[in-house]
Amino acid sequence: MTENLEIYNFSWALYPRRIHIYLAEKGLNIKSREYDPKVEKKWPPPEVLELNPYGKLPILKIDEENAITESLAIIHYLEKVFPNPSMIGKTAIDYAKVIRLTTMADEANTILAIWNHNISPIFQERELQFKDAGYSGAYYFIKRLDVLETAINGSHEFIYGNSPSIADCVTFPLIMFLDEFYDVRLPRRFKKLNAWYERFKQRDSITQQNYIAQYPDSLLKLSRGLEQQGGFHLEEICERIEENLLN
């Protein structure tokens, strides 16, 4: 059933990485066309632009008439087409809880973008940057992770339950990207998230990809040290939250 499907992707970016991890955990072997926008002579190339006028990846090409963009839409489509093993929960309540956790992590991705786009030198020449907006992004990033931390059952092996779900596939790239690309560690207050992250990074879906070697050196030189670039640290924000200086 996968012979006509094709993924257009590149591995080192945050959202495309969701697809790599999902396919590995799901055990799906789908033909993949890998790109790196930093080395392509022209971006987006015509075949990508034809499928997505915004030129963004990932894309799932289904046939000559249909293609799906956006990582979560692709994952949900594949879950419908290939329901076993289920990665969205077997019961209605399981489904609701997996989607709730996935949504929390997805929202944290968006908030991370507000933080890094307003602070990182990567975006300095491409976008207007406002340091206060970057600080606010970091603050709300912490607050969103607080909700996710509270929702996780610490006795479970995964974000939800004892088998991997799409919540793991969305949450792990977020924390991994923060760790490896921006050189920022999760604060100590996130005990369950930190423990889960250390467990999940040992899985074959992660260890067999060698993700860290795929980051462009030119970008790593600019990206690493996000906290120092902004002049604030997540631990300091957490301390202020705990002291009720920030609500």
So how far is it from Ile59 CD1 to Lys61 NZ, rounded to the nearest 0.5 Å? 10.0 Å

Using every non-hydrogen atom in the two residues, find where Arg185 and Leu234 come nearest and quote the distance to one decimal. O-CD1, 4.1 Å

Please determine whether a side-chain nitrogen of the Lys or Arg among Arg199 and Asp168 lies less than 4.0 Å from a carboxylate oxygen of the Asp or Glu. no

Has the side chain of Glu6 got a donor or acceptor atom that lies under 3.5 Å from a matching backbone atom of Leu60? no

Is the ring pair Phe181/Tyr215 parallel, tilted or perpendicular, if the boundaries are 30 and 60 degrees? tilted

For the pair Glu180 and Arg224, find out whether any cationic side-chain nitrogen is under 4.0 Å from an anionic carboxylate oxygen. no

Considering only NZ, NE, NH1 and NH2 on the basic side and carboxylate oxygens on the acidic side, decide whether Lys56 and Glu70 come within less than 4.0 Å. no

At what distance, to the nearest 0.5 angstrom, does CG of Leu112 lie from CG of Leu226? 7.5 Å

Using the six-membered ring of Phe141, assess whether NZ or CZ of Arg144 lies under 6.0 Å from its centre and within 45 degrees of the ring axis. no

Should the ring pair Phe123 and His117 be called parallel, tilted or perpendicular, given that the plane angle runs from 0 to 90° and is split at 30 and 60? parallel

Atom of Ala108, atom of Leu145 and distance for their closest heavy-atom approach: CB-CD2, 4.2 Å

Euclidean distance, Leu219 CG relative to Ile122 CD1, rounded to 0.5 Å: 5.0 Å

How about Tyr8 and Pro58: do any of their side-chain heavy atoms sit closer than 4.5 Å? no

Output yes when Glu79 and Lys26 qualify as a salt bridge under the 4.0 Å nitrogen-oxygen rule, no when they do not. yes

